[in-house]
Amino acid sequence: SAFQSAVDNDDLRALLIRILGSASNSDMSNNVIPSYPAVLKRLSSDEIKLFIYFSNAPTLPFVSIFYEIIKDNKSIGHVLVEDLFSNFGLAAGCKRPDSVPIYVDNLVSARLISIPEGEGYIDESVYSELENSEHIQSLKAQIEATPGRKIQIIHKIIRLTSFGRGLGQACRINDLPEISDLTEQG
């Protein structure tokens with residue numbers, strides 16, 4: 001069937017079935033937007049896992065890493081080293097956690113999540129685990145080993161959009177198994 005050919009993984013199938021089930025439930029029919037199945041169809045299994053992860057924690061921290069170029073005690077520019085460093089991929093059980101920045105771009109383009117410019121948690125301790133990670137410490141040592149370079153870590157957040165929240169509610173994301181259960185299956 002057309003439905004079967006559109007479904008290429010178990011996570012996507014489960015979400016689509018929930019949407020279709022919601023559409024037939026008169027109490028939920030107002031929450032189902034016709035574009036939801038098309039949006040889900042274009043997401044990979046890892047992107048579905050990230051979406052489920054984001055749906056259960058609608059605002060999450062990440063960092064972008066730059067190095068500042070300093071000449072004559074004055075900043076003369078910045079170079080992006082890593083745009084989106086987080087533990088999202090591991091926490092969500094992604095098969096390819098190294099591809100999370102690409103997945104996040106696709107989720108943003110699908111309007112399921114947003115990365116609000118200039119916003120971050122006021123409590124900066126939320127970022128401590130990321131900043132103290134072996135990866136960031138290694139980058140810092142490499143960057144600052146070069147004279148005239150200093151690491152800059154920019155605190156950011158990912159937020160679920162209204163459209164993303166609506167899709168999560170229509171799919172009854174809170175009723176899905178834990179991420180670890182999905183990882184074992186997929």
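Position 1 is the first residue of the sequence; numbering continues from there. It should be emphasised that the depicted structure is a prediction, and the values quoted were computed from it without experimental measurement.
To the nearest 0.5 Å, the span separating CG on Leu160 from CG on Leu167 amounts to 9.0 Å. Between the CD1 atom of Ile113 and the OG1 atom of Thr161 there is a distance of 8.5 Å, given to the nearest 0.5 Å. The distance from the CD1 atom of Ile157 to the CD atom of Glu119 is 5.0 Å, given to the nearest 0.5 Å. Atom CG in Leu50 sits 8.0 Å away from atom OG in Ser86 (nearest 0.5 Å). How far SG of Cys94 is from NZ of Lys49: 7.0 Å, rounded to the nearest 0.5 Å. How far OG of Ser55 is from CD1 of Ile48: 10.0 Å, rounded to the nearest 0.5 Å.
In the hydrophobic clustering of ILVMFWY residues, with side-chain heavy atoms under 4.5 Å counting as a link, Leu84 and Ile102 come out apart. Hydrophobic clustering of Ile, Leu, Val, Met, Phe, Trp and Tyr side chains at less than 4.5 Å, counting indirect connections, keeps Val81 apart from Ile70. The same ILVMFWY cluster, assembled from side-chain heavy atoms under 4.5 Å apart, contains both Ile158 and Leu43. Residues Val79 and Ile136 share a hydrophobic cluster, clusters being chains of Ile/Leu/Val/Met/Phe/Trp/Tyr side chains in contact below 4.5 Å.
Nearest approach of Arg159 to Pro116, heavy atoms of both residues: NH1-CG, 3.7 Å. Nearest heavy atom pair, residue Tyr53 against residue Ala92, reads CB-CB, 3.8 Å. The nearest pair of heavy atoms linking Leu130 to Pro61 is CD1-O, 4.0 Å.
Between the side chain of Asp46 and the backbone N or O of Arg96, at least one donor-acceptor pair lies under 3.5 Å. Judged by distance alone, the side chain of Asn56 and the main-chain N or O of Ile52 form a donor-acceptor pair under 3.5 Å. At distances below 3.5 Å, not a single donor-acceptor pair connects side-chain atoms of Asp72 with backbone N or O atoms of Lys74.
Between Phe62 and the options Tyr127, Phe88, Phe85, a side-chain contact (heavy atoms from CB on, under 4.5 Å) holds for only Phe88.
More than 12 heavy atoms of other residues, nucleotides or ligands sit less than 6.0 Å from atom CD1 of Ile76.
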Go through the steps to decide whether Tyr103 and Phe51 satisfy the test ring pair (Phe, Tyr, Trp, His ring centres under 6.0 Å), and finish with yes or no.
CA-CA 10 Å; Tyr103 299 153; Phe51 176 66; over 10 Å; no
Run the numbers on Arg42 and Glu47 for salt bridge (charged side-chain N to carboxylate O under 4.0 Å, His left out), then give the verdict.
CA-CA 9 Å; Arg42 69 179 249 206; Glu47 289 165 338; over 6 Å; no
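Checked for salt-bridge contact, Lys156 and Glu117 miss the test: no charged N lies under 4.0 Å from a carboxylate O.
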List the atom pairs, with distances to 0.1 Å, where a side-chain N or O of residues 138-153 and a protein N or O form a donor-acceptor pair under 3.5 Å, not counting sequence neighbours.
unit_1: Glu144; atom_1: OE2; unit_2: Ile151; atom_2: N; d: 3.1
unit_1: Arg149; atom_1: NH2; unit_2: Tyr67; atom_2: OH; d: 3.4
unit_1: Gln152; atom_1: OE1; unit_2: His78; atom_2: NE2; d: 3.1

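Put simply, the side chain of Asn106 does not reach to within 4.5 Å of the side chain of Leu112, judged on heavy atoms. At least one side-chain heavy atom of Leu90 sits under 4.5 Å from a side-chain heavy atom of Pro97. The closest side-chain heavy-atom distance from Glu131 to His155 is below 4.5 Å.
A donor and an acceptor atom, one from each side chain of Arg111 and Ser162, are nowhere located under 3.5 Å apart. A side-chain N or O of Glu82 and one of His135 form a donor-acceptor pair less than 3.5 Å apart.
Other cluster members for Ile154: Phe66, Leu80, joined by side-chain heavy-atom distances under 4.5 Å among Ile, Leu, Val, Met, Phe, Trp and Tyr.
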